[in-house]
Amino acid sequence: MDITQRQITKIAREVNRFTVRTLKSDGIGSSELDLIHTIRKHPGITQAKACAALGADKGAVAKQCASLEAKGY
């Protein structure tokens, strides 16, 4: 791996750490963030399609949706 790839990898790790810290302070888990991104990328997506896109079961996605709604998202 050359120096540029190492630097990019280091930056990506730091961005991930920052994102996780920020989300935790807002009470959002990484799976909820994945759901937010999926919905944002596919407006109007059905729960079944969100389950397929995330590789999650219906109950998990329903729980995440309810949690995000309760948090004002």
Side-chain angles (χ1 to χ4, degrees):
M1 187 181 290
D2 71 355
I3 189 73
T4 303
Q5 288 174 323
R6 287 184 186 144
Q7 290 172 335
I8 290 171
T9 300
K10 185 177 180 180
I11 291 168
R13 269 193 234 119
E14 290 301 318
V15 167
N16 187 45
R17 285 185 190 129
F18 173 78
T19 302
V20 169
R21 256 193 334 264
T22 303
L23 291 173
K24 280 186 179 182
S25 69
D26 290 341
I28 299 173
S30 59
S31 61
E32 290 175 330
L33 179 64
D34 292 340
L35 178 58
I36 290 171
H37 282 303
T38 300
I39 293 169
R40 187 169 175 228
K41 189 174 180 181
H42 306 284
I45 190 171
T46 64
Q47 184 175 339
K49 288 183 181 179
C51 291
L54 295 168
D57 66 18
K58 187 176 177 181
V61 172
K63 185 177 177 182
Q64 291 168 357
C65 287
S67 174
L68 287 169
E69 284 183 40
K71 294 172 187 172
Y73 288 90

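A quick note: this is a predicted structure, and the numbers were derived from the prediction, not measured. If you read the sequence from its start, that first residue is 1, and numbering goes on from there.
- Not counting sequence neighbours, the partners of T46 by the side chain to side chain contact (heavy atoms under 4.5 Å, CB included) test are A48, K49.
- Applying the salt bridge (charged side-chain N to carboxylate O under 4.0 Å, His left out) criterion to E14, with sequence neighbours excluded, gives R17.
- The other members of the hydrophobic cluster of V15, by chain and number, are I11 (side-chain heavy atoms under 4.5 Å, ILVMFWY only).
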Run the side-chain donor-acceptor check on residues 26-40: report pairs under 3.5 Å with partners two or more places apart or on a different chain.
unit_1	atom_1	unit_2	atom_2	d
S31	OG	Q64	NE2	3.2
E32	OE1	G29	N	3.0
E32	OE1	K71	NZ	3.1
E32	OE2	S67	OG	2.6
E32	OE2	K71	NZ	3.4
T38	OG1	D34	O	2.9

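- For K58, the side chain to side chain contact (heavy atoms under 4.5 Å, CB included) partners at least two apart in sequence or on another chain are Q47, C51.
- By the side chain to side chain contact (heavy atoms under 4.5 Å, CB included) test, D57 pairs with A60, sequence neighbours left out.
- In the hydrophobic clustering of this structure, V20 does not group with L68; members are Ile, Leu, Val, Met, Phe, Trp, Tyr whose side-chain heavy atoms approach within less than 4.5 Å, directly or through other members.
- Of the inter-residue distances, the one linking R13 atom CZ with I8 atom CD1 reads 12.5 Å to the nearest 0.5 angstrom.
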